[in-house]
*Asks:* 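Have a look at the structure that comes next, please.
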2 protein chains.
Amino acid sequence: MNAPSFRNWKSVQDEVLRRIHAREWKPGELIPNEADLAEEFGCARSTVNRALRSLAESGLLDRRRKAGTRVAAQPVAKATLDIAVIRHEVEGRGSKYGYQLLTRELTVPPARVCGAMQTPASDALLHVRALHLADDAPYAVEDRWINIGVVPQAHDEDFATISANEWLLKYAPYTHGEIAFSAVQVAEDDADILGVAPQSAVFAIDRLTWDKDASVTKVRLLFTPGYQLRTSL
Amino acid sequence: MNAPSFRNWKSVQDEVLRRIHAREWKPGELIPNEADLAEEFGCARSTVNRALRSLAESGLLDRRRKAGTRVAAQPVAKATLDIAVIRHEVEGRGSKYGYQLLTRELTVPPARVCGAMQTPASDALLHVRALHLADDAPYAVEDRWINIGVVPQAHDEDFATISANEWLLKYAPYTHGEIAFSAVQVAEDDADILGVAPQSAVFAIDRLTWDKDASVTKVRLLFTPGYQLRTSL
DNA sequence: CAGATTATTATGTATGCACATAAATATATT
DNA sequence: AATATATTTATGTGCATACATAATAATCTG
């Protein structure tokens with residue numbers, strides 16, 4: 001048997017994956033180092049590095065300097081979710097997108113909100129509520145607070161035709177944020193808006209974004225029953 | 001002003017991020033090519049490539065050969081969720097993990113299940129139901145179907161002390177899979193098990209994994225109310 | 001002028017080399 | 001023996017160069 005050649009990083013990755021699946025390299029086990037693999041595969045060490053690094057990023061390998069590379073014992077499945085603008089999400093399903101502004105007012109938020117956003121309790125924030133529709137049926141309600149101290153342009157935008165969801169992406173970049181998914185029993189007013197029975201189980205996405213150390217916006221999206229967030233592993 | 005030097009890919013990435021945030025490079029706009037940036041930053045093109053590639057992977061840049069690199073017009077927020085073994089998830093929160101097998105039987109599954117798993121309608125699958133506990137309180141119910149044609153060892157495992165959730169990760173590798181998150185109203189039997197009111201809104205994770213073209217397992221996890229799946233952006 | 005062909009160009013990747021860095025191990029010092 | 005120091009080693013990164021590839025732009029051809 002002459003050495004098969006794995007000349008590009010993807011084929012190296014495939015071979016490594018094959019060995020893991022075939023249990024030639026078992027979970028928790030140390031695999032050969034980059035230099036040895038490079039020699040075996042007949043390629044440069046940097047090519048092996050590229051392949052292994054990529055597998056480590058997806059959680060299948062654990063790498064530590066000096067300690068070496070081992071197959072993850074408990075591979076944490078990393079599911080990458082694409083959180084798109086709702087309009088795109090709806091249109092991507094082949095439905096007609098609709099948008100309807102419900103309320104827009106500048107008010108002092110409840111403690112829960114200014115606590116999370118770390119704004120002074122006395123500061124007014126822009127509160128926008130809107131409904132997203134798919135094929136003229138309710139799709140999701142958006143309840144959003146915008147820090148006008150950070151995004152003053154929001155003050156001049158009425159959000160009548162463009163959703164805050166979309167507007168902010170265009171005009172208010174963020175450096176980092178948090179996102180949480182949960183199931184909630186929908187309150188009466190939201191149930192009315194979505195046209196579902198009160199106490200229905202709806203999917204909720206809560207997002208809070210920051211521009212450096214200042215909060216930009218906090219939003220809760222409630223989706224009509226049946227909504228699924230899906231991705232592949 | 002002399003040229004600041006960005007000698008490593010992370011500092012190049014930071015500078016690119018800064019320009020995007022400062023809107024020196026606006027959404028949808030074409031940015032200079034790698035060679036020019038390398039010259040400006042005083043580093044090798046490969047260093048710039050590393051920085052830009054990584055930003056493209058996280059969805060902030062769109063890159064196409066010959067066409068060049070542009071700032072994503074609608075940056076799709078890519079949220080990476082770590083789906084860990086439930087025991088680790090519970091222990092990671094500092095709670096005591098508990099496990100309880102409910103049922104384990106070899107039966108012919110309903111059409112819904114063998115349809116999704118693409119197994120012959122007459123084939124029996126291993127059906128395991130179990131309860132995961134955190135600090136002795138119900139945490140999640142697991143309802144799982146295992147393709148014993150693909151994982152014959154499961155036949156000899158009683159799942160009395162180790163959850164299928166954990167056992168499978170160790171003994172049944174998969175090549176790919178699908179995962180879906182949703183909110184459901186809990187059925188009466190599951191409500192009993194979780195110790196919650198019937199019709200409560202609970203968070204559901206449905207996962208289906210494959211080893212090449214054969215389904216390995218299909219599972220639904222229902223979490224007690226209050227459960228949140230969270231990550232940072 | 002439409003359609004096929006050929007250049008051009010920006011990203012994508014492979015290579016060999018060098019050095020940086022973290023972490024484990026061995027060695028020296030009190 | 002406990003602690004500090006040095007050595008070793010595997011991964012991490014940077015660089016210069018070369019060539020591959022995809023997509024656009026330019027050119028040719030009937």
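Just so we're on the same page: letters track the sequence lines, and every chain starts at 1.
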*Asks:* What is the distance, rounded to the nearest whole Å, between atom CZ of Arg50(B) and atom P of dG14(D)?
*Replies:*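 After rounding, the gap between these two atoms is 8 Å.
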*Asks:* Measure the distance from CG on Asp36(A) to C1' on dT11(D) and round it to the nearest whole Å.
*Replies:*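 Answer to the nearest Å: 13 Å.
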*Asks:* To the nearest Å, how far apart are Lys10(B) NZ and dG14(D) C1'?
*Replies:* 14 Å
*Asks:* In terms of the nearest nucleotide of DNA chain C, which residue is placed more toward the 5' end: Ser46(A) or Arg63(B)?
*Replies:* Arg63(B)
*Asks:* Could you check whether the rings of Tyr227(A) and Phe223(A) sit parallel, tilted or perpendicular, using 30° and 60° as the cut-offs?
*Replies:* parallel
*Asks:* Under 6.0 Å from the CD atom of Glu39(A), do we count more than 12 heavy atoms belonging to anything else shown?
*Replies:* no
*Asks:* Tell me every residue that passes salt bridge (Lys or Arg N to Asp or Glu O under 4.0 Å) with Arg87(A), counting only those two or more places apart in sequence or in another chain.
*Replies:* Glu91(A), Glu166(A)
*Asks:* Please list, chain by chain and in numerical order, all residues satisfying salt bridge (Lys or Arg N to Asp or Glu O under 4.0 Å) with Arg19(A), sequence neighbours excluded.
*Replies:* Glu15(A), Glu40(A)
*Asks:* Can you tell me if Ser11(B) and Asp14(B) form a side-chain donor-acceptor pair at under 3.5 Å?
*Replies:*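 There is no such pair (donor and acceptor under 3.5 Å, judged by atom type) between the side chains of Ser11(B) and Asp14(B).
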*Asks:* Is there a donor in the side chain of Tyr97(A) and an acceptor in the side chain of Glu89(A), or the other way round, less than 3.5 Å apart?
*Replies:*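 No pair is found: no donor N or O on one side chain lies under 3.5 Å from an acceptor on the other.
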*Asks:* Calculate the interatomic distance between Asn33(A) atom CG and dT8(D) atom C1'; express it in whole Å.
*Replies:* 13 Å
*Asks:* For Pro120(B), what residues pass the side chain to side chain contact (heavy atoms under 4.5 Å, CB included) criterion, not counting sequence neighbours?
*Replies:* Ser122(B), Asp123(B)
*Asks:* Answer with base, sugar-phosphate or nothing: what part of the nucleic acid does Thr47(A) contact at a heavy-atom distance below 4.0 Å?
*Replies:* sugar-phosphate
*Asks:* What integer distance in Å separates Arg53(A):CZ from dT13(D):C1'?
*Replies:*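 For the pair Arg53(A) CZ and dT13(D) C1', the rounded distance is 9 Å.
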*Asks:* Any side-chain N or O of Thr69(A) less than 4.0 Å from the OP1 or OP2 oxygen of dA10(D)?
*Replies:* no
*Asks:* Could you tell me the separation between the CZ atom of Phe6(B) and the P atom of dC15(D), rounded to a whole number of Å?
*Replies:*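 Taking CZ of Phe6(B) and P of dC15(D), I get 13 Å after rounding.
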*Asks:* Once you apply a heavy-atom cut-off of 4.0 Å, does Arg7(B) come out as touching a base, just sugar-phosphate, or nothing?
*Replies:* sugar-phosphate
*Asks:* Nearest whole Å is fine: how far is dA10(D) C1' from Ile31(A) CD1?
*Replies:*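 Those two atoms, CD1 and C1', are 12 Å apart.
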*Asks:* Taking for each residue the nucleotide of DNA chain C with the nearest heavy atom, is it Cys43(A) or Leu52(B) whose nucleotide lies nearer the 5' end?
*Replies:* Leu52(B)
*Asks:* What pair of heavy atoms forms the shortest contact from His176(B) to Lys212(B), and how long is it?
*Replies:*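 Heavy-atom minimum between the residues: CE1-O, 3.0 Å.
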*Asks:* Which atom pair, heavy atoms only, marks the closest approach of Asn165(B) to Ile86(B)?
*Replies:* OD1-N, 3.2 Å
*Asks:* May I have the step-by-step check of side chain to side chain donor-acceptor pair (under 3.5 Å) for Tyr99(A) and His132(A), ending in yes or no?
*Replies:* CA-CA 5 Å; Tyr99(A) 168 76; His132(A) 300 266; over 6 Å; no
*Asks:* Please report the end-to-end axis angle for the helix from dC1(C)-dG30(D) to dT30(C)-dA1(D), five pairs per end, rounded to 10 degrees.
*Replies:*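 Answer for the end axes of this duplex: 0°.
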*Asks:* Using chain B heavy atoms and a threshold of under 4.0 Å, write down where along DNA chain C the contacts begin and end, 5' to 3'.
*Replies:* dT8(C) to dT13(C)
*Asks:* Report the distance from atom CZ of Arg45(B) to atom P of dT17(D), rounded to the nearest whole Å.
*Replies:* 13 Å
*Asks:* Please give me the minimum heavy-atom distance between Ala79(B) and Leu233(B), naming the atom from each residue.
*Replies:* CB-CD2, 4.0 Å
*Asks:* Below 3.5 Å is the cut-off: list the nitrogen or oxygen pairs between protein and nucleotides 22-26 of chain D, distance only.
*Replies:*
unit_1	atom_1	unit_2	atom_2	d
dT24(D)	OP1	Arg64(B)	NH2	2.5

*Asks:* Could you check whether Glu142(B) and Ser163(B), counting side-chain N and O atoms only, form a donor-acceptor pair closer than 3.5 Å?
*Replies:*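 Absent: no donor and acceptor within the cut-off.
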